[in-house]
There are 2 protein chains.
Amino acid sequence: MPKPRKETMEENRMKLIAAARKAFAEKGYSAASMDDLTAEAGLTRGALYHNFGDKRGLLAAVVEQIDSEMAARAQAIGTREGDEWQAILAEGAAYIEMALDAEVQRIVLLDGPAVLGDPSKWPSQNSCLQVTKRSVERLIAQGIIKQLDAEAAARLLSGAALNAALWVAASENPPNVLPKAVEAFRSLADGLLSKPS
Amino acid sequence: MPKPRKETMEENRMKLIAAARKAFAEKGYSAASMDDLTAEAGLTRGALYHNFGDKRGLLAAVVEQIDSEMAARAQAIGTREGDEWQAILAEGAAYIEMALDAEVQRIVLLDGPAVLGDPSKWPSQNSCLQVTKRSVERLIAQGIIKQLDAEAAARLLSGAALNAALWVAASENPPNVLPKAVEAFRSLADGLLSKPS
DNA sequence: CATTTGATATACGACGCGTATGTAATACTC
DNA sequence: GAGTATTACATACGCGTCGTATATCAAATG
């Protein structure tokens, strides 16, 4: 009773991605060795090149996984809120907190853009951005925020949030400055409102 | 009459930095070869390692140069404006436009953070951030914007601006989306005002 | 059961970084 | 001003890594 082939291949893909997540987060993309990384997963570079093409392909797969996890989490947090405006604020705060995780920071915020280019061109299309863009579009339709380009507004919001997170994480005492960052973010976001509160 | 030593050394430093700017901008940091780069400057890796320690050191020097150029330009643009609030808006727009330059983008926005870490920990202390932080502090003192943490607000503003630029640059038709980004940035910034206009 | 497909392993070549050592010219010291 | 020390830069080497080309071996297929 041999194991079906598709199955083991998918297992291997997951093992490689998992090992890559760890290696990329700990050593950074460029310092992570593919030999070490694949050995950690009990495989060799052969499997890696067959599945992902090259090192960049592997990074793209890892980024996509993390990005979609973040988007799902942000959306879940957003939909818990009563109104749509509170939802987008909560999403933003959630991004800031998620980006405090070293894995997210190193892989998605630092190495990702440097190696893969701007998030708007990623294969995964950057789920996080998609989510906030949808939120912005709904808020514009409802007349709650100004008639801006939805993509621009989403991009600025997310950029502000993620940069805030980088700043918090690099600070001496992250738990201490995190609330300041969130407060500043919420203030900034208020600027999008058509009727400022 | 031999040339003074300090002088030729400074010349060589500048030649290396200039060559590095070009190479890093064109090929990206990791793909830029130090052998090629130094040859372009009429030197060898010996000079490079003596002057900058390692490849990262060279990147740090390049980043510092570009960053200070950007800060000077932004400040010049800011002081042309009548009141302080208009000044900071103009600075933000200036950052967006400056970040459309491939050199700035590739070196300062992408490779810089990935290789050197968060800008707040750069040796140059990131002159751009310093400039906007000062502006924010003055505006807070004047009661024009809310009583937020100046560093947080500066960081968010700059993050929004620079992310906007990345988005614009990656778009199909940059000249077309640039005004949208600037408009969105100005709206966002309004959120910092203590008395929204 | 024979054959083919394809997923993974192995072997190879090339390149780039960092360091250790060499060299020559300038800057000190008496 | 001659001898020495300093040091800016060049050269040579070793190590590690990536990407590809080839080999192997198990599973799918007829």
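Quick caveat, the model's predicted, so the values are computed rather than measured. A note on names: the letters A, B, ... follow the listed sequences, proteins ahead of strands, and every chain is numbered from 1. What you see below is based on every heavy atom in this structure, not just the backbone, and it leaves out hydrogens, waters and symmetry mates.
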Open item on the list: Need one value for A:L43: base, sugar-phosphate or nothing, where a base atom within 4.0 Å counts as base even if backbone is also close, heavy atoms only.
Closed with: sugar-phosphate
Open item on the list: Taking 4.0 Å as the cut-off, does a side-chain nitrogen or oxygen of B:H50 come that near to OP1 or OP2 on D:dC9?
Closed with: no
TODO: Kindly write out the residues that satisfy side-chain contact (heavy atoms from CB on, under 4.5 Å) with B:T44, not counting sequence neighbours, or none if the list is empty.
DONE: none
- [ ] Rounded to the nearest angstrom, tell me the gap between atom CZ in A:F52 and atom P in D:dT20.
- [x] 16 Å
- [ ] Quick one: list whatever passes ring-ring contact (aromatic ring centres under 6.0 Å, His included) with B:Y29, sequence neighbours left out.
- [x] B:F24
Open item on the list: Filter on salt bridge (charged side-chain N to carboxylate O under 4.0 Å, His left out), then keep only pairs touching residues 174-191 of chain B, sequence neighbours left out; what's left?
Closed with: A:K146-B:D190, A:D149-B:K180
- [ ] Look at B:N12 and D:dC9 and indicate whether a side-chain polar atom (N or O) is within less than 4.0 Å of OP1 or OP2.
- [x] yes
TODO: Would you give a per-nucleotide map of nucleotides 14-19 of chain D, 5' to 3', where B means the base has a protein non-hydrogen atom under 4.0 Å away, S means only the sugar-phosphate does, and - means neither?
DONE: ---SBB
TODO: State the CG-OG distance between A:N126 and A:S158, to the nearest 0.5 angstrom.
DONE: 7.0 Å
Task: N/O (side chain, B:N51) to phosphate O (OP1/OP2, D:dA8) under 4.0 Å - done: no
Open item on the list: Show every ring pair (Phe, Tyr, Trp, His ring centres under 6.0 Å) that has at least one partner inside residues 139-181 of chain A, sequence neighbours left out.
Closed with: none
Open item on the list: Per the salt bridge (charged side-chain N to carboxylate O under 4.0 Å, His left out) rule, what does the pair list look like for residues 99-124 of chain A, sequence neighbours excluded?
Closed with: A:R21-A:E103, A:R106-A:D111, A:D118-A:R155
